[in-house]
Amino acid sequence: MESLRWSALEYEEKEHSRDWFWALGVIVVAGSVASVIYGDYFFAGLLILGGVLLGFFAIKKPDTIEYELSERGLRAGTRLYPYDNIRSFFVRTDPGPALLIHSDRIFLPVISIPIDPEMAEDIYGAMIAHEIPEEKLTEHSSEKIMDSLGF
C-alpha cells in the first residue's frame, strides 16, 4: 500500500470579538469575587487561571499538522496510532470532511482528523484494507461544547 499524506490545521480558527473577551472577563471576575466572598480562595485562583488560559487559547493560531496513513498506522504529527489500537473508523463528509477514529485511549477516545474531500475514498479504502471496522462515529460531546463556545 502506498502511504497517503495530507496536512490540515489542528483546529478550525474562529474569530473572537472584543465582546467575547469582555464576557469572559466579566464571568471570571464575578466568579472569582463570589468565591472570595464565600472564602474559597482556591476556587477563585482556579477561575482566574482558567480564564487566562481560555483567553490565551482563543488568540492562539492553529498549527498545521502532517498526517499519514501507512503500513504502520495513522500518524498525526509525531503521534502514531497503530492499526491494532484503532477499534473503528468513520469517514464523515458533512458538515466538514473528517476521519473519525475510535482508538483505545481512555480519555477522548474518538479522534477527529480533518481530511481533503478528494482523499475520502482513498482513506476509506486504506482503513478497510487493514480490516478496521467501519462504525458511525460522532465527535465527543466535549468537542461539541468547545465548538459552541467558539473554540
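Every value quoted in this text rests on a predicted model; they were computed, and no experiment measured them.
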| task | List the steps, then state whether side-chain contact (heavy atoms from CB on, under 4.5 Å) holds for Met127 with Leu74. | result | CA-CA 10 Å; Met127 297 300 273; Leu74 172 65; 6.0 Å; no

| task | Please tell me if the side chains of Val110 and Phe90 come closer than 4.5 Å, counting only heavy atoms from C-beta onward. | result |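 No; the side chains remain at least 4.5 Å from each other.
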
| Between Leu100 and Phe89, does a side-chain contact (heavy atoms from CB on, under 4.5 Å) hold up when you go through it step by step? | CA-CA 6 Å; Leu100 299 166; Phe89 81 99; over 6 Å; no

What's the spacing between [X] [atom1] and [Y] [atom2] if we round to 0.5 Å?
X      : Y      : atom1 : atom2 : answer
Glu118 : Ile123 : CD    : CD1   : 10.5 Å
Asp122 : Trp6   : CG    : CH2   : 10.0 Å
Arg18  : His16  : CZ    : NE2   : 14.5 Å
Ser35  : Ile48  : OG    : CD1   : 9.0 Å
Asn85  : Asp104 : CG    : CG    : 4.0 Å
Arg87  : Ile132 : CZ    : CD1   : 12.0 Å

| query | Should the ring pair His130 and Tyr83 be called parallel, tilted or perpendicular, given that the plane angle runs from 0 to 90° and is split at 30 and 60? | reply | parallel

Between [X] and [Y], which heavy-atom pair has the shortest distance, and what is it?
X      : Y      : answer
Tyr81  : Ile86  : O-CD1, 3.8 Å
Leu69  : Ala126 : CD1-CB, 4.1 Å
Gly77  : Ile65  : N-CG2, 3.4 Å
Tyr67  : Ser7   : CD1-CA, 4.5 Å
Ile111 : Ser103 : CD1-OG, 3.8 Å
Ala98  : Ile115 : N-CG1, 3.7 Å

Spell out, yes or no, whether [X] and [Y] are grouped together once hydrophobic residues are joined by side-chain heavy atoms under 4.5 Å, including indirect joins.
X     : Y      : result
Leu24 : Ile59  : yes
Phe21 : Val28  : yes
Val33 : Phe43  : no
Leu4  : Ile128 : yes

